[in-house]
**Student:** 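Got a structure for you, questions after.
Reckoned from all heavy atoms, side chains included, excluding hydrogens, waters and symmetry mates. Everything numeric here is computed off the predicted structure, so don't read it as measured data. Counting begins at 1 with the first residue of the sequence.
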Amino acid sequence: EVQLVESGGGLVQAGGSLRLSCAASGLTFDDYAIGWFRQAPGKEREGVSCISYSDSRIAYADSVKGRFTISTDNAKNTVHLQMNSLRPEDTAVYYCAALGHVACGAWFIDYDGMDYWGKGTRVTVSS
């Protein structure tokens, strides 16, 4: 059974940092593109960052470039999203998702066909 479990969300003041984690079971990250998506209240889901092929292909949404960093720990089958300089507009539920045998790129920002999804972790950034 494939499972993706997010953790690390919470409440933080603007300018602060959080590190999200996505722990996977039943799949190997080396064979999948792993993306972080987020959905704010009343808004549509949007892609945040993606990583594939053992860190060789990485993509970020323009809104988070220079502030967020995605990385993998293949030994633990875990993907991390380090979020720095957080802004109130980053407030959302963040979801981890996986898609097999593709390379990350700009396509992931609005892609709806990911194979597997986690249940999400909530991030709230106060002013």
Side-chain angles (χ1 to χ4, degrees):
E1 181 181 358
V2 174
Q3 285 190 299
L4 301 172
V5 180
E6 303 95 334
S7 63
L11 175 64
V12 65
Q13 291 182 311
S17 298
L18 287 172
R19 186 181 69 170
L20 305 184
S21 297
C22 173
S25 61
L27 61 80
T28 301
F29 281 170
D30 189 53
D31 297 327
Y32 284 80
I34 309 297
W36 284 98
F37 297 78
R38 66 186 182 186
Q39 187 167 23
K43 296 185 178 180
E44 294 186 352
R45 183 184 63 207
E46 62 178 350
V48 176
S49 186
C50 185
I51 189 166
S52 63
Y53 295 111
S54 299
D55 302 351
S56 65
R57 298 290 292 272
I58 295 175
Y60 297 98
D62 288 342
S63 60
V64 306
K65 287 180 180 177
R67 300 190 297 122
F68 291 9
T69 303
I70 192 169
S71 62
T72 62
D73 183 344
N74 289 333
K76 296 183 177 180
N77 241 31
T78 300
V79 172
H80 298 110
L81 184 68
Q82 179 66 44
M83 306 187 296
N84 299 326
S85 302
L86 285 164
R87 305 165 180 170
E89 53 263 42
D90 295 318
T91 295
V93 176
Y94 284 70
Y95 299 91
C96 178
L99 181 63
H101 305 108
V102 298
C104 288
W107 59 266
F108 90 96
I109 296 173
D110 59 359
Y111 190 66
D112 194 43
M114 305 297 283
D115 291 334
Y116 305 104
W117 291 86
K119 294 182 178 180
T121 185
R122 183 174 296 171
V123 172
T124 302
V125 184
S126 62
S127 300

**Student:** Using 0.5 Å steps for rounding, measure from the CD atom of Glu44 to the CD atom of Gln39.
**Tutor:** 8.0 Å

**Student:** Taking all non-hydrogen atoms of both residues into account, name the closest pair between Ala40 and Ala92 and its distance.
**Tutor:** N-CB, 3.8 Å

**Student:** For the residue pair Phe37 and Phe108, categorise the inter-ring angle as parallel (less than 30°), tilted (30 to 60°) or perpendicular (more than 60°).
**Tutor:** perpendicular

**Student:** For residues 71-101, pull every pair meeting disulfide bond (SG atoms under 2.5 Å apart), keeping only residues two or more places apart or in separate chains.
**Tutor:** Cys22-Cys96

**Student:** Is Ile109 reachable from Tyr32 through a run of I, L, V, M, F, W or Y residues, each pair having side-chain heavy atoms under 4.5 Å apart?
**Tutor:** no

**Student:** Would Tyr94 end up clustered with Leu18 when hydrophobic side chains under 4.5 Å apart are linked, directly or stepwise?
**Tutor:** yes

**Student:** Would a distance-only check, ignoring hydrogens and angles, find a side-chain to backbone donor-acceptor pair under 3.5 Å from Ser49 to Ala59?
**Tutor:** yes

**Student:** Verify side-chain contact (heavy atoms from CB on, under 4.5 Å) between Trp36 and Phe68, making sure each step is shown before the conclusion.
**Tutor:** CA-CA 11 Å; Trp36 284 98; Phe68 291 9; over 6 Å; no

**Student:** Nearest 0.5 Å, what's the OG1-CG distance between Thr28 and Asn74?
**Tutor:** 9.0 Å

**Student:** Rounded to the nearest 0.5 Å, how far apart are CE of Met83 and OG1 of Thr69?
**Tutor:** 11.5 Å

**Student:** Could you give me the CA-CA distance, side-chain angles and deciding distance for Val48 and Leu81, then say whether side-chain contact (heavy atoms from CB on, under 4.5 Å) is met?
**Tutor:** CA-CA 10 Å; Val48 176; Leu81 184 68; 4.3 Å; yes

**Student:** Any idea how Trp117 and Tyr95 line up, ring-wise: parallel (<30°), tilted (30 to 60°), or perpendicular (>60°)?
**Tutor:** perpendicular

**Student:** So Arg45 and Asp112, do their side chains get closer than 4.5 Å, heavy atoms only?
**Tutor:** yes

**Student:** Say whether Leu27 and Ile70 are linked into one hydrophobic cluster, either directly or through other cluster members, by side-chain heavy-atom distances under 4.5 angstrom.
**Tutor:** yes

**Student:** Minimum heavy-atom separation for Ser21 to His80, with atom names?
**Tutor:** OG-CD2, 2.9 Å

**Student:** Taking atom CD of Glu89 as the centre, report whether more than 12 heavy atoms of other residues, nucleotides or ligands fall under 6.0 Å from it.
**Tutor:** yes

**Student:** With sequence neighbours excluded, tell me which residues meet ring pair (Phe, Tyr, Trp, His ring centres under 6.0 Å) with Tyr111.
**Tutor:** Trp107

**Student:** Is the closest side-chain heavy-atom distance between Val123 and Leu20 below 4.5 Å?
**Tutor:** yes

**Student:** Got a second to check how far Gln3's CD is from Ser25's OG, nearest 0.5 Å?
**Tutor:** 4.5 Å

**Student:** If we only count heavy atoms from C-beta on, is the Thr121 to Ser7 side-chain gap below 4.5 Å?
**Tutor:** no

**Student:** For a quick test of reading the model, state the closest non-hydrogen atom pair linking Leu4 to Ala97 and the distance between them.
**Tutor:** CD1-CA, 3.8 Å

**Student:** In terms of hydrophobic clustering (I, L, V, M, F, W, Y; side-chain heavy atoms under 4.5 Å; direct or indirect links), are Tyr116 and Val79 co-clustered?
**Tutor:** yes

**Student:** Which atoms form the tightest heavy-atom contact between Ala103 and Ser52, and what is the distance?
**Tutor:** CA-OG, 3.5 Å

**Student:** Mind checking side chain to side chain contact (heavy atoms under 4.5 Å, CB included) for Glu46 and listing every partner two or more places apart, or none if nothing turns up?
**Tutor:** Arg38

**Student:** Nearest 0.5 Å please: distance from the OG atom of Ser126 over to the CG atom of Leu86.
**Tutor:** 10.0 Å

**Student:** Find the distance between CG (Leu11) and OG1 (Thr124) and round it off to the nearest 0.5 Å.
**Tutor:** 6.0 Å

**Student:** Does Arg87 come within less than 4.0 Å of Asp90, counting only side-chain N to carboxylate O?
**Tutor:** no

**Student:** Taking all heavy atoms of Ile51 and all of Cys104, pick out the closest pair and write down the distance.
**Tutor:** N-SG, 3.1 Å

**Student:** Whether the side chain of Glu6 engages the backbone of Gly120 through a donor-acceptor N/O pair (distance < 3.5 Å, no angle test) should be reported.
**Tutor:** yes

